[in-house]
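Chain A is the first sequence line, chain B the second, and so forth, proteins listed ahead of strands; every chain is numbered from 1.
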There are 2 protein chains.
Amino acid sequence: MKEKATSFDIAHAAGVSQSTVSRALSNSPLVNQETRERIQRIAKELNYKVDKNASNLRKQRSNTIALLLFEDPTSDDSMINPFFLSMLGSITRACASAGYDLLVSFQNMNDDWHAEYEDSNKADGIILLGYGDYTEYKDKIDMLEEQGTHFVRWGAHDAEHPGVSIGCDNFQGGYDIVSHLIAKGNRSFVFIGEAGNQAPEFQARYFGYLKALKEQGLSQHTLGQYDAISTEGAGYDATEQMLNEITLSSRPDAIVCASDLIALGVMQKLADAGVNVPDDIVVVGYDNIPVAAYSTPSLTTVKQNTKLAGELLVSTLLDAIANKPVEDYLMPAELVVRQSCGSNK
Amino acid sequence: MKEKATSFDIAHAAGVSQSTVSRALSNSPLVNQETRERIQRIAKELNYKVDKNASNLRKQRSNTIALLLFEDPTSDDSMINPFFLSMLGSITRACASAGYDLLVSFQNMNDDWHAEYEDSNKADGIILLGYGDYTEYKDKIDMLEEQGTHFVRWGAHDAEHPGVSIGCDNFQGGYDIVSHLIAKGNRSFVFIGEAGNQAPEFQARYFGYLKALKEQGLSQHTLGQYDAISTEGAGYDATEQMLNEITLSSRPDAIVCASDLIALGVMQKLADAGVNVPDDIVVVGYDNIPVAAYSTPSLTTVKQNTKLAGELLVSTLLDAIANKPVEDYLMPAELVVRQSCGSNK
DNA sequence: CTGAAAGCGCTTACAG
DNA sequence: CTGAAAGCGCTTACAG
């Protein structure tokens, strides 16, 4: 293993002072162009790279962003919800473009986010990525704010939570998909998914659902809401419960699910129970995860633009770090119509 | 925003020297227990955390691992192959358990991996995750080795590539799945996927495929191999080409795909062409990505244990960093039988 | 345009 | 068990 070169080695080889080397390598205009080029060439030859620890220590910033993922129960080994997995790629890309490194970590594993990342100078800012359920983390988020940490949260604006948020319009998404179902002739509905304020994103989807029904004078046709966290298993179980509680003759025309994962479980249970989707009951999801296009029937859902989301999350955080004014952003939701809602029902 | 506390502030508050604070916080046995507890309490009160940059600079190590992802063309926005996405979760988890941070980055975006990470002291070691196609990166990997960088590669052992590798037995996987198809009565085959040495993992699967055929005296029943990179689109196109080249009467009993993504495209094209899977032609994939369980028909495939893979990748790298002896590891592949290979054909 | 010097916040021999 | 001191490798006023 070669000894690592330092800026002093470069200085020695180039016959200049170490200060000049530092300036040359940071492309300071203060240094003579010819000298700078020579230094840069020598640095390259000696395979020299600026030591980030030293540089960060001196500059008091790290050029690194920390991504805190909230752990989810999943069916595979990743323990990351597929929706967030696709955001991860986009965030990684956006960081790279901005010249920032990305530190990835599961949220649940450590106690004090601010301390862990920004205080210890490992990151200049933090991105919080979870299924909107920040309620139990409220104290931590408050502390983040109180400590002046730079952070951005994925989710809707929420008066209770300080800090900037980037999110997708869950209310509109829920409204749009149900309006579509009503337009297609469906008249009675069930919502599967948590709808309390411990799951604000799901709740917003549910409220959108309720509004669409109300607008069409169908409020009395809601056959209820069944809790389910965002897994296939929870969707399956909730459907089982529903089938037990609702008599065959009064079954809903459509089941609106708070997420695709839930919808997948719902369709599984319906298939097991011999109920045809979409002929007997229509099912729709939310998120447009990759699997949604491949399920049988393929799943009508609402797409959240993960690419844009990742970019906005990063750019907003960088603005916050630079002390520029930042504001919440709510991306529009986009309806994706597939087979599970029937074609001409 | 509060001023950040330093070890001197703690020292002042505790009435001891800064050295003692440092020792107390690193749980050094050299410091009096009572003193240590007092210092730790004060540190907590003042919300003090050790500055990682300073600490790393002094210790010359970062307690961070860099993950270099090879960018893939994908159908969604993540630009990460779903198979790697699930490994990502497992790697993140394994790092967290080991007390290491994980720096994630796309490989293609920078030139000199070693310099970028280990030389600049941002990471103690590197995990390389790509679809086995390290051929074009050979020079870089050689340089990594030459420079004494600690790194682990995902993929099979390869005499041409130095360094440790953790991989799954692609040869066995290919052999097992084809043997299963033969046992089920299939007699003629097509392989879809690159099989050259620029794609060593696919190639190993292909060799396993060939061996299984040969063993059963079916070598002459291979109706060819069609190149395809690991995307649905490539699988679709290759199938189109195959259908054009092979007359209806001599179509294969089974199509063996180098990856699930390819198989998904193959099944799509077959469906478009009115060919029934599995009744007319059997299709199998490789990887067991989440979608495989949901396609119609669900996909028979080979599972690589991503959870174990992530853990091995991390533990092996940590051993390498600690200068412990490390060796390649080849995990067994596991056949996952679903509908796409027919039940009793 | 360049150099000498200070200092970022730690850890760890060294001396007691 | 504790403290004074050196030094990790940089960046950046300061002086010229």
Side-chain angles (χ1 to χ4, degrees), chain A residues 2-40 42-43 46-64 115-124, chain B residues 2-40 42-43 46-64 115-124:
Chain A
K2 294 181 189 165
E3 267 311 294
K4 211 172 58 179
T6 73
S7 53
F8 283 93
D9 300 327
I10 311 297
H12 183 75
V16 295
S17 75
Q18 183 265 340
S19 329
T20 302
V21 170
S22 177
R23 289 194 193 95
L25 294 176
S26 60
N27 278 313
S28 160
L30 284 173
V31 64
N32 179 294
Q33 186 182 332
E34 197 190 325
T35 315
R36 174 172 47 199
E37 282 166 6
R38 185 160 46 89
I39 292 174
Q40 290 181 344
I42 292 174
L46 296 184
N47 226 302
Y48 169 79
K49 287 283 166 175
V50 169
D51 183 301
K52 283 295 169 195
N53 291 132
S55 159
N56 292 342
L57 172 58
R58 178 56 229 247
K59 290 196 293 194
Q60 293 296 317
R61 52 202 301 276
S62 62
N63 256 271
T64 299
E116 276 300 320
Y117 293 97
E118 203 170 311
D119 256 0
S120 65
N121 266 335
K122 284 196 285 196
D124 298 329
Chain B
K2 293 180 189 166
E3 268 311 294
K4 209 172 59 177
T6 73
S7 53
F8 283 93
D9 299 329
I10 310 298
H12 183 77
V16 296
S17 74
Q18 182 265 337
S19 330
T20 301
V21 170
S22 178
R23 289 195 194 94
L25 294 176
S26 59
N27 278 313
S28 161
L30 284 173
V31 64
N32 178 295
Q33 186 181 333
E34 195 189 328
T35 316
R36 175 172 47 201
E37 282 166 5
R38 185 161 45 90
I39 292 174
Q40 290 181 344
I42 292 173
L46 296 183
N47 226 301
Y48 169 78
K49 285 284 164 176
V50 170
D51 182 301
K52 283 294 169 196
N53 291 132
S55 160
N56 292 341
L57 172 59
R58 178 57 228 248
K59 291 197 291 194
Q60 293 297 319
R61 50 203 303 279
S62 61
N63 256 272
T64 299
E116 277 299 322
Y117 292 97
E118 203 169 311
D119 256 1
S120 64
N121 267 334
K122 283 196 285 197
D124 298 330

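If you take NE2 of A:H12 and C1' of D:dC10, they are 19 Å apart, rounded to a whole angstrom. B:L25 places its CG atom 9 Å from the P atom of C:dC10, with the value rounded to the nearest Å. In this structure, B:R61 atom CZ and C:dT11 atom P are separated by 12 Å, rounded to whole Å. Rounded to whole angstrom, the span from the CD atom of B:Q60 across to the C1' atom of D:dG7 amounts to 10 Å. Going from atom CG of B:N53 over to atom C1' of D:dG9 covers 12 Å, rounded to whole Å. A:N56 has its CG atom 14 Å from the C1' atom of D:dC8, to the nearest Å. Distance B:K59 NZ to C:dC10 C1': 9 Å, rounded to the nearest Å. Atom pair B:N27:CG and D:dC1:C1' shows a separation of 16 Å (rounding to whole Å applied).
Note on B:T6: only backbone sugar-phosphate atoms sit closer than 4.0 angstrom, heavy atoms only; bases stay farther off. At a threshold of 4.0 angstrom between heavy atoms, the contacts of B:S55 are confined to the sugar-phosphate backbone, with no base atom among them.
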Dot-bracket pairing map - DNA chain D, Watson-Crick plus G-U, both contacts under 3.5 Å, | cross-strand: |||.||||||||.|||
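Closest approach of B:P29 and B:R36 over heavy atoms only: CA-NH1, 4.2 Å. When all heavy atoms of A:A14 and A:R38 are compared, the closest pair comes out as O-NH1, 2.7 Å. Nearest heavy-atom pair, A:I10 versus A:A43, reported as atom, atom and distance to 0.1 Å: CD1-CA, 3.9 Å. Across all non-hydrogen atoms, the minimal contact from A:Y48 to A:T6 is CE1-C, 3.5 Å.
Looking at which nucleotide of DNA chain D each of B:P29 and A:A54 is closest to, the 5′-most match is held by B:P29.
By the 4.5 Å heavy-atom criterion applied to side chains, B:Q60 and A:N53 are not counted as neighbours. When side chains are defined from C-beta on, B:N56 does not count as touching B:R61, because their heavy atoms never get closer than 4.5 Å. The shortest distance between side-chain heavy atoms of A:T64 and A:K122 does not fall below 4.5 Å. Annotation: side chain of A:E37 is in contact with side chain of A:Q33 (closest heavy-atom distance under 4.5 Å).
The side chain of B:L57 lies closest to D:dG9, out of D:dG9, C:dT11, C:dC10.
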Below 3.5 Å between N/O atoms, which protein atoms pair up with nucleotides 2-6 of chain C? Just atom names and distances, please.
from, atom 1, to, atom 2, distance (Å)
C:dT2, OP1, A:T35, OG1, 3.2
C:dT2, OP2, A:N32, N, 2.9
C:dG3, OP2, A:S17, N, 2.9
C:dG3, OP2, A:S17, OG, 3.0
C:dG3, OP2, A:T20, OG1, 2.6
C:dG3, N7, A:R23, NH1, 3.4
C:dG3, O6, A:R23, NH2, 2.4
C:dA4, N7, A:S19, OG, 3.2
C:dA4, N6, A:S19, OG, 3.0

Decide yes or no on side chain to side chain contact (heavy atoms under 4.5 Å, CB included) for B:I39 and B:I42, but give the supporting numbers first. CA-CA 5 Å; B:I39 292 174; B:I42 292 173; 5.8 Å; no
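With C1' as the reference atom, D:dT12 and D:dG16 are 16 Å apart, rounded to whole Å.
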